[in-house]
Number of protein chains: 4
Amino acid sequence: MGRPPMKRDAIERAALELFVEKGVDGTSIRDIAERSGVTEGALYRHHKGKDDLVRALFFEHYEGFADLIGSLMGNNYPFNQLIRELVETLFTFHDKDPYIFDFIILVRHKLLDEVRKDGKNPVELLYRIMESAAANGEIPEQDTQLTTQLMIGMVMQTVVGHHFGRVKGPLRQHSQRIADCCLMVAGAGDFANAEVEE
Amino acid sequence: MGRPPMKRDAIERAALELFVEKGVDGTSIRDIAERSGVTEGALYRHHKGKDDLVRALFFEHYEGFADLIGSLMGNNYPFNQLIRELVETLFTFHDKDPYIFDFIILVRHKLLDEVRKDGKNPVELLYRIMESAAANGEIPEQDTQLTTQLMIGMVMQTVVGHHFGRVKGPLRQHSQRIADCCLMVAGAGDFANAEVEE
Amino acid sequence: MGRPPMKRDAIERAALELFVEKGVDGTSIRDIAERSGVTEGALYRHHKGKDDLVRALFFEHYEGFADLIGSLMGNNYPFNQLIRELVETLFTFHDKDPYIFDFIILVRHKLLDEVRKDGKNPVELLYRIMESAAANGEIPEQDTQLTTQLMIGMVMQTVVGHHFGRVKGPLRQHSQRIADCCLMVAGAGDFANAEVEE
Amino acid sequence: MGRPPMKRDAIERAALELFVEKGVDGTSIRDIAERSGVTEGALYRHHKGKDDLVRALFFEHYEGFADLIGSLMGNNYPFNQLIRELVETLFTFHDKDPYIFDFIILVRHKLLDEVRKDGKNPVELLYRIMESAAANGEIPEQDTQLTTQLMIGMVMQTVVGHHFGRVKGPLRQHSQRIADCCLMVAGAGDFANAEVEE
DNA sequence: AATGAATGAGATTTCATTCAT
DNA sequence: AATGAATGAAATCTCATTCAT
């Protein structure tokens, strides 16, 4: 049954790392082949080309974030706790593998246009969390789209700040502070007293 | 000293727009020449090359932000008012010409490494504002680097959200809300009662 | 001797069709494998490679034409009848499977150099028919090489005209007309009164 | 005003020759660049790519044939004379530059689909000549499409025969013989007595 | 000052063929 | 006998930059 495909993961991992380190356009197919210990042509068995590879990586991981959020939503936590868990989960994820986060941030300007609201969309999920919290009276009526962006902005910029050395250490240690800020911004009542696991 | 260099401006403007629309590497010298009504060779009269052009645009506008902040700092406003004016100024600037903001966001990953702390650096300036507010007791002791990033994150993600259609209308209308959030996050006391100009 | 090699036929047929439809170089081994329901590697069990496949197909069918002509020659028909039977046979063959004719026309420029005069060579056979008809006094002395080409030209171009939609219907219906033209061109006396079988 | 384009003709000529000598797919851009004394990139200033170059060459010369025929048609010769002049003109043209003829024959299978009946189309022009000769009573009623193909077939195969060494010498010396054949095939009455210039 | 043809170096991509399974 | 992942060598094409005009 032919050789088993051994190299696909190696290629995708090498690509992910190189894209973050040198930029997508700064990375050539040859670079990827070299780092993954494969010849250039091998890439084309698994992806139509470089664009396709970038796209595949983006959607794979972008939708992975949606899955992460989706599974947290399944727990029916109250809003405060959900946000706390969410921030913690994201930062823990980041600390385990910062490349994925950095990659998403790097390429989103090119690819976010192609994201569908009805697919696996982490931004849309967070927005729905906000909407239902507002409907439940857990947070006041507000421009939930805007607030969603503010929360995302704080989380993402923390990652960016870490990338450029302005924010130190594992991000997980900032989870509580940033979750607090998210709740504050959302107007989520007595957030300071919320019971924090950990 | 003779007539002003009209071509130079046309080239830089065309480049700025194209970079935002198609990405830096997706834009060729030919594209830029075409849109600015100049031939390829002529571009080299004003810039050493494409890299130089990108760099020049980035630093010109990045430092422009620093100048904006710097001149606000000269007024010796109290912290609350300074932040409010700052957010308002940035969003007004964005509404006048969103391309500049989008361009900065687009290329910062490539070029931020080259930014010096001691040069005209808007992030550094905001950080100093935070530091001195903390020294003055206007805000509590905190991880000011982190808070700086959170504030930047909220402002930048609002721009991104606008770019992708999640945040509507001129951003200026959100100034007060987002300034409030910045002050909240910074722990700037009774921010709600701050006197708002306008 | 065991079961017949079904795959080999499937491969050759798929190749023949694809070569005609997309050109030889426009057809990849993968294309052939796909259409014949075989994998790429399997093709190499039956042929040394793509070149070998093209060559094999060409000679198989080109020599097939020679066999067709050869068997007609065995009947010792008079010249007029031989030509009529020949044209009829060729067009009947075409109508049964136009791909073969089209394929020969397509690749002859590449491979005709390799054809040997002393092998199974339909052009050479027709030339010999002309030569012996001239020797017998069935046709006048003439540049038989040239006349041979003229006859071939009429037959082949009819096929080409059919391929591009200028000549309609099954070619067999034009057999008599074109045989007449061949005889005329060869100066074969009272060709119009020749007895036509059918 | 920039360098004058010196190399365009050299590129097209080199391409024409190489295509005939080694086949279109057997000729690489590098081959063309080498023979025309230019770097590979230069080709792309004048043509979008190899396909575009082949297409341009084909239509340029194919339409050139139409112009040749068109200008002969302007003389309002009687049918017999027109055909004689036509064959003579074509073969003279061939003898001056056999590459063009060979090239057309080589690539027509790929490109004839794209030829339009209402454009500059030599086949269509010859067909119209036949139609109007039939309307004038210069030739009998017949399947003019088919006869057109037969005449083309004789002319083209003569060229092919020359290419493969079966037909000797300058083709012009065969003009009269082949024009006679064309007239015979078309049923153009007392063709033998037609006055031949020369 | 300007032009745009040409360069030159490299990028992506294709694909016949091989070979571990 | 068959598979199809991987190779390796080329091919096409792109494009920032140079330079004759």
Side-chain angles (χ1 to χ4, degrees), chain A residues 1-8 10-11 25-33 36-53, chain B residues 2 5 7-8 25-34 37-54, chain C residues 2 5-8 24-34 37-54, chain D residues 1-8 10-11 25-33 36-53:
Chain A
M1 235 177 253
R3 298 186 198 175
M6 304 298 295
K7 301 298 194 175
R8 184 188 180 112
I11 289 168
D25 297 285
T27 300
S28 70
I29 297 287
R30 175 163 304 177
D31 292 333
I32 297 169
S36 53
V38 157
T39 55
E40 293 163 60
L43 192 145
Y44 292 87
R45 175 157 301 272
H46 304 294
H47 298 97
K48 276 190 203 154
K50 192 180 169 184
D51 269 15
D52 184 64
L53 172 57
Chain B
K7 291 296 187 185
R8 188 189 172 99
D25 293 270
T27 300
S28 68
I29 293 286
R30 207 136 152 196
D31 292 333
I32 298 169
E34 237 163 58
V38 158
T39 54
E40 295 158 70
L43 196 143
Y44 289 83
R45 201 131 312 262
H46 302 292
H47 299 276
K48 273 190 210 159
K50 191 182 174 185
D51 271 12
D52 181 65
L53 174 55
V54 173
Chain C
M6 307 283 279
K7 292 294 188 186
R8 188 190 173 99
V24 170
D25 294 270
T27 300
S28 67
I29 293 287
R30 207 137 153 195
D31 292 333
I32 298 168
E34 237 163 59
V38 157
T39 55
E40 296 158 69
L43 196 143
Y44 289 83
R45 201 133 310 263
H46 302 291
H47 298 275
K48 275 190 206 157
K50 191 183 174 184
D51 270 12
D52 181 65
L53 174 56
V54 173
Chain D
M1 234 178 254
R3 297 187 199 174
M6 304 297 295
K7 301 297 194 176
R8 185 189 178 111
I11 289 167
D25 298 285
T27 301
S28 70
I29 297 288
R30 175 164 302 176
D31 291 334
I32 298 169
S36 54
V38 158
T39 54
E40 293 164 60
L43 192 145
Y44 293 88
R45 175 156 302 272
H46 304 294
H47 300 281
K48 275 190 205 154
K50 193 182 170 183
D51 269 14
D52 184 65
L53 172 58

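Because the structure is predicted, anything quoted here is derived from the model rather than measured.
To the nearest 0.5 angstrom, B:H47 atom NE2 is 4.0 Å from B:R8 atom CZ. The distance from atom CG of A:L53 to atom NE2 of A:H46, rounded to the nearest 0.5 Å, is 11.0 Å.
Using a distance-only test at 3.5 Å, with no hydrogens or angles considered, a donor-acceptor pair links the side chain of C:K50 to the main chain of C:V24.
Taking side-chain N and O atoms only, D:H46 has a distance below 4.0 Å to OP1 or OP2 of E:dA6. For A:R45 and F:dA5, the shortest distance from a side-chain N or O to OP1 or OP2 is below 4.0 Å.
If you check every strand for non-hydrogen atoms under 4.0 Å, B:V38 touches nothing.
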Show me, pair by pair, the donor-acceptor contacts under 3.5 angstrom made by side chains of residues 25-32 of chain A, not counting sequence neighbours?
residue : atom : partner : partner atom : Å
A:D25   : OD2  : A:K110  : NZ           : 3.3
A:T27   : OG1  : A:L18   : O            : 3.2
A:T27   : OG1  : A:G23   : O            : 2.8
A:S28   : OG   : A:R30   : N            : 3.4
A:S28   : OG   : A:D31   : N            : 3.1
A:S28   : OG   : A:D31   : OD2          : 3.2
A:R30   : NE   : A:E40   : OE2          : 3.2
A:R30   : NH2  : A:E40   : OE2          : 3.3
A:D31   : OD2  : A:K22   : NZ           : 3.1
A:D31   : OD2  : A:S28   : N            : 2.9

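In this structure, CD1 of D:I11 is placed 7 Å from P of E:dA6, rounded to the nearest angstrom.
Remark: DNA chain E takes part in the stems E:2-21 with F:2-21, each of 3 or more antiparallel Watson-Crick or G-U pairs, criterion distances under 3.5 Å.
By the salt bridge (charged side-chain N to carboxylate O under 4.0 Å, His left out) test, A:D52 pairs with no residue at all, sequence neighbours left out. Listed by chain and residue number, D:S36 satisfy the side-chain contact (heavy atoms from CB on, under 4.5 Å) test with D:A10 (two or more places apart in sequence, or in another chain).
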Below 3.5 Å is the cut-off: list the nitrogen or oxygen pairs between protein and nucleotides 12-15 of chain E, distance only.
residue : atom : partner : partner atom : Å
E:dT12  : OP1  : A:K50   : NZ           : 3.1
E:dT12  : OP2  : A:I29   : N            : 2.7
E:dT13  : OP2  : A:Y44   : OH           : 3.1
E:dT13  : OP2  : A:K50   : N            : 3.0

